[in-house]
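Data block below; observations after.
Counting starts at 1 for both ligands and their atoms, in listed order. Model, not experiment: these values are computed from the prediction.
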Amino acid sequence: MLRWLILFFRRRIAVKLTLTLLAFVAVVEVVAGAYLTRALEERAVQALEGRLVALARLLQDDARTLLAPAAAPQARREFALRTSRVTDARITLILRDGRVVAESDRPLEDLAKIESHRDRPEVRTALAGGVGRAVRRSETVGHDLLYVALPIQDGTRTVGILRLALPLEVVTGAYASIRQVLLAGGFLALAVALGIGLFVARRVTRPVVEMQSVARQMAGGDYTVRAPVRSPDEIGKLGRALNVMASRFREKIEDLEREQATITAILDSMVEGVLAVDGRDHLLLLNQSVRAMFRLGPRLGPGKPFLEVIRNADLFDLLEACRAAGGEMVSRELSLTTPVERVHEVHALPLRLGGEGTGVLMVLHDVTELRRLERVRTEFVANVSHELRTPLTAIRGYLETLLEGGLDEPDNGRRFLQIVFRHAERLGRLLDDLMDLSNIELGKVTLKREPTDLADVLEPVLAIVRPQAEAKRLAVAADLPPGLPAVSADRDRLVQILLNLVDNAVKFTPEGGRVTVTASPREGMVEVVVADTGVGIPSTDLPRITERFYRVDKARSRELGGTGLGLAIVKHLVQAHGGELRIESELGKGTTVSFTLPTARVEEAA
Ligand code: ADP
């Protein structure tokens, strides 16, 4: 409880101020009161003493007579009683030897019992020739008395002493009311001091308390609060300074936040993954690309240990290698298998972080597509060489045979020449397809788009494959709904697309099968579907089937006169028209190839 009180008083400025003021007023009052009482008492005693001395001097002649040895005790008594009655003072007559011969407060018969007054201080002074004076508590009367003793001289001889005494109360009683007034004044002063103390304290401390709460809110990060500025004094200035500080802080924090947001936005919009760790391998930052690469949730991020967030030992190895390299940039190509395998070129640079050790900055560049393209290019060159070599080898072989005498055998010679011709044709077809594909890819082919009726195009295509289909006893049917909108397409290219697809369907469908071509309108497009009941394509080959030279069975395709470029050309042509190619297939059951083309606009059709 006491501790709490001490704390309470220590904590509150208002209480401290008020108490200090009260203590000050109280001390001043006590000191002033004590001084005043003492001064009043002294003056009272002085006044009383003067009165008594004057009285004594008036009575000294009578006293001289009565102190004579011959004086009657009764006369002395009467003198004492009379003067006492008139003056209210206690009168005592004392002989030189100290014997009391008259006393206004004591009857005659008691006098003998009174001890010698020689040693009373006032008597001693009087006997020595001066005016004796003493304040003492009288046993006889029971309160403080002022004694004044006057030596009574007869010529030069002191015959005795006349002593007068009055209770101090006679004068001090009058001062009691003054003391009461003083006391009341003191209390009033204390009350006023308390009032002033409380008022001033509140005036001073209220803004201070408000500022304290404002400062606490600012410490909590709220810089919108403002301290009260009511007065032009120091407290007002403090409030103003606090407000200026808060608005500066706010501006600074907003600047920092803006800067931070810009940096984050830049980092997040980067295609490259960026991440940084500190000297203890804890993440400092990571951008959106890194999050996407490692499928990181929003809770995993800066502040966490690297390996806890990115569980990739290769990347961690690189991080350590970068530290070991001592300031050099370290680059490595890593295959990161989270969540799908992708190849990344990772550059790791040391980050000097001042006192916090050396961190590492990593930039992850996804080179999967680049590497794939490189592989496709190499494969393409190998494929082209291979595709060209096969017919060329055959042509050279047969020509050699012919030159070495084959020409002399008319039957064989003709057969060999036919083979040479077939291979040369195949070479030509291959080169045509390659040129075509490369032109489409390079955008060199301009499509002459016009509203085209699908039925018009499909008819000649089916006419071309029909002999081949009939030979295999295949049912080839077109089923176009009436009122199918015209498509916006290059007629010749559309023929090329359809011919490739229908030709594939016929080629890869065994005897007795069926090939159907259907079409249907779909959201501003027309979808054309070429379906067969053929051998189908294994699902593992399906994703790569449109790549150049990609064939399920190379020998068979070649035997059937294919170049392996047909679907690649189709895909590019469909895309050039703004459509999409989709291939679905089930091994042994058949293949469905569908593609979309935009419908011709009305004004175009007109
Ligand atoms: P190709 O000149 O060999 O026909 P394509 O690019 O047209 O070349 O076709 C590539 C490969 O796709 C073919 O070799 C074949 O293995 C497969 N293919 C294409 N169409 C079909 C189909 N309708 N049924 C089964 N396999 C097909």
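- In the displayed structure, Glu328 atom CD is contacted under 6.0 Å by at most 12 heavy atoms of other residues, nucleotides or ligands.
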### Worked verdict on Ser335 versus Glu341 for side-chain hydrogen bond (donor to acceptor under 3.5 Å, both in side chains)
CA-CA 7 Å; Ser335 219; Glu341 173 145 4; 2.6 Å; yes
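- Using modelled atom types and a 3.5 Å distance limit, the side chains of Gln496 and Asp436 yield a donor-acceptor pair.
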### Message
Is there a side-chain hydrogen bond (donor to acceptor under 3.5 Å, both in side chains) between His365 and Glu345? Walk through the geometry before answering.
### Response
CA-CA 5 Å; His365 193 73; Glu345 189 166 10; 6.0 Å; no
Put together the list of close N/O pairs, under 3.5 Å, between ligand 1 and the protein, could you?
{"residue": "ligand 1", "atom": "2 (O)", "partner": "Thr563", "partner atom": "N", "Å": "2.9"}
{"residue": "ligand 1", "atom": "2 (O)", "partner": "Gly564", "partner atom": "N", "Å": "2.9"}
{"residue": "ligand 1", "atom": "3 (O)", "partner": "Ser557", "partner atom": "OG", "Å": "2.6"}
{"residue": "ligand 1", "atom": "4 (O)", "partner": "Asn504", "partner atom": "OD1", "Å": "2.9"}
{"residue": "ligand 1", "atom": "4 (O)", "partner": "Lys507", "partner atom": "NZ", "Å": "3.3"}
{"residue": "ligand 1", "atom": "6 (O)", "partner": "Gly566", "partner atom": "N", "Å": "3.3"}
{"residue": "ligand 1", "atom": "6 (O)", "partner": "Leu567", "partner atom": "N", "Å": "2.7"}
{"residue": "ligand 1", "atom": "7 (O)", "partner": "Asn504", "partner atom": "OD1", "Å": "3.3"}
{"residue": "ligand 1", "atom": "7 (O)", "partner": "Asn504", "partner atom": "ND2", "Å": "2.8"}
{"residue": "ligand 1", "atom": "7 (O)", "partner": "Leu567", "partner atom": "N", "Å": "3.4"}
{"residue": "ligand 1", "atom": "8 (O)", "partner": "Gly564", "partner atom": "N", "Å": "3.4"}
{"residue": "ligand 1", "atom": "16 (O)", "partner": "Val552", "partner atom": "N", "Å": "3.1"}
{"residue": "ligand 1", "atom": "20 (N)", "partner": "Asn504", "partner atom": "ND2", "Å": "3.4"}
{"residue": "ligand 1", "atom": "23 (N)", "partner": "Asp532", "partner atom": "OD2", "Å": "2.8"}
{"residue": "ligand 1", "atom": "24 (N)", "partner": "Thr591", "partner atom": "OG1", "Å": "3.2"}

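- Not counting sequence neighbours, the partners of Glu511 by the side chain to side chain contact (heavy atoms under 4.5 Å, CB included) test are Lys472, Arg473.
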### Task
Take Thr518 and Asp479 through the side-chain hydrogen bond (donor to acceptor under 3.5 Å, both in side chains) test and state the conclusion after the steps.
CA-CA 5 Å; Thr518 54; Asp479 182 14; over 6 Å; no
